[in-house]
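Report on the structure given below.
Ligands are counted one by one from 1 in listed order, and the atoms in each one are counted from 1 as well. Treat the numbers as computed from the prediction; the structure is a model and nothing was measured. Computed over heavy atoms, backbone and side chain alike; hydrogens, waters and symmetry mates excluded.
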Amino acid sequence: MNINSRKTAPVGVFDSGVGGLTVAREISRQLPNENIVYFGDTARVPYGSKSQNTIIRFSEQIIRFLKTKDVKAIVIACNTASALALDAVRDEFDVPVMGVVIPGARAAVEATCNRKIGVVGTDATVRSGMYTKIIRQMAPDITVVEKACPLFVPLVEEGFKDHAVTREIIEYYLESMRGSGIDAMILGCTHYPLLRSKIREYMGEGIQIVNPAYETALDLKRLLRDREMENDGATEEHSRYSFYVSDAAEKFRRFANTVMPFDVPTTNVVNIEEY
Ligand code: DGL
């Protein structure tokens, strides 16, 4: 790839399904000139209940698919895949790959005053202990409290954000977290930012809620700048997005239209097992 086609090449973003759209949305806000190829693994979601080997295999297949689209960099928008597969895939491919855990951890380390951070995520993310490991590498004096909240994902996917049951489930999972003395909490799962206002209501104003998507978009910006790969928007190729899924394209498209700040007219289905 020459320098100009490298600049206009898309960024690949992938997730186990729709949740990573919250990361794509943040990238579109902060890097409006970048083209994005998004892949949502809707046939195999959720990743949060799967083993590390499976999550690594799925991530490798998706990266091989995204490379067929000539992506210049890849963002693993899924917290579970970032926690369990990033270390395994980072050096395997000749394209820079970044995840959301390091940026999210860094934002929380900067946000906490009392050195006590909460992390909520899927079962697999919490079992991996990756957020705690990264935070403590950055600041060994910080105490981290992690909690898996597996029901948050289906609540978001079923559009239950404003349903009374959501408030009850938030209380069920977060009661101990609220009493733990944390002053910053990482939403360590792609879906949780879509429940942010409800979580904030329950946790109260004294706790800073950290969405790793924001810091991830900033990291991507730095990565592209350092490698002279930023799209300066000077060509007509800028700002094109394409969306691929492994199943249920129409359901994904409808959801995408509720998350993305522009119309998502089409979603394409890919047989990801072929990659
Ligand atoms: N995308 C996943 C994450 O951020 C949540 C959904 C799933 O379990 O696959 O951890």
Side-chain angles (χ1 to χ4, degrees), residues 12-27 38-63 66 74-89 97-105 107-108 118-134 146-161 169 173 185-196 199 209-217 243-248 251-252 255-256 259-260 272:
V13 177
F14 79 86
D15 178 45
S16 54
V18 293
L21 290 166
T22 57
V23 178
R25 177 177 66 186
E26 199 52 50
I27 295 171
Y38 182 95
F39 179 82
D41 201 356
T42 45
R44 305 187 294 193
V45 68
Y47 283 12
S49 53
K50 299 206 165 55
S51 71
Q52 182 166 27
N53 283 347
T54 298
I55 294 166
I56 291 173
R57 185 170 69 82
F58 288 175
S59 301
E60 288 169 336
Q61 286 177 323
I62 297 168
I63 292 172
L66 289 173
I74 292 177
V75 177
I76 306 183
C78 178
N79 285 260
T80 306
S82 298
L84 285 97
L86 178 63
D87 284 348
V89 300
V97 183
M98 54 176 285
V100 291
V101 171
I102 294 171
V119 179
V120 284
T122 64
D123 266 327
T125 300
V126 168
R127 259 188 289 116
S128 78
M130 191 54 94
Y131 268 107
T132 300
K133 186 176 149 199
I134 302 282
E146 296 207 37
K147 178 80 185 173
C149 308
L151 287 175
F152 285 0
V153 168
L155 284 175
V156 168
E157 298 216 342
E158 294 307 317
F160 269 42
K161 183 177 158 236
I169 292 172
Y173 284 132
M185 185 170 98
I186 302 174
L187 301 180
C189 172
T190 47
H191 289 60
Y192 301 1
L194 298 167
L195 293 177
R196 186 190 180 114
I199 294 173
I209 308 281
V210 175
N211 174 4
Y214 180 80
E215 200 72 16
T216 300
F243 295 88
Y244 295 85
V245 290
S246 45
D247 197 11
K251 187 174 177 207
F252 176 93
F255 196 95
V259 176
M260 299 307 285
I272 199 67

Q. In chain order, what residues pass the ring pair (Phe, Tyr, Trp, His ring centres under 6.0 Å) check against F58, with sequence neighbours excluded?
A. Y47
Q.
If you define the side chain from C-beta out and look only at heavy atoms, does anything of V23 sit under 4.5 Å from V75?
A. yes
Q. Y214 side chain to E26 main-chain N or O, any donor-acceptor pair under 3.5 Å?
A. no
Between ligand 1 and the protein, which N/O pairs fall short of 3.5 Å?
from, atom 1, to, atom 2, distance (Å)
ligand 1, 1 (N), D15, OD1, 2.7
ligand 1, 1 (N), S16, OG, 3.1
ligand 1, 1 (N), T190, OG1, 2.9
ligand 1, 4 (O), N79, N, 3.0
ligand 1, 4 (O), N79, ND2, 3.4
ligand 1, 4 (O), T190, N, 2.9
ligand 1, 4 (O), T190, OG1, 3.2
ligand 1, 8 (O), Y47, N, 3.4
ligand 1, 8 (O), G48, N, 2.9
ligand 1, 9 (O), S16, OG, 2.6
ligand 1, 9 (O), Y47, N, 2.7
ligand 1, 10 (O), T80, N, 3.1
ligand 1, 10 (O), T80, OG1, 2.5

Determine all donor-acceptor pairs shorter than 3.5 Å in which one atom belongs to a side chain in residues 80-89; sequence neighbours excluded.
from, atom 1, to, atom 2, distance (Å)
T80, OG1, T122, OG1, 2.9
T80, OG1, T125, OG1, 3.2
S82, OG, I76, O, 3.1
S82, OG, C78, O, 2.8
S82, OG, V100, N, 3.1
D87, OD1, R90, NH2, 2.7

Q.
Going by the rule salt bridge (Lys or Arg N to Asp or Glu O under 4.0 Å), which residues pair with R44 if we only count those two or more places apart in sequence or in a different chain?
A. D41, E273
(Q) Please check this pair: side chain of Y38 against backbone of L21, looking for a donor-acceptor N/O pair closer than 3.5 Å. (A) yes
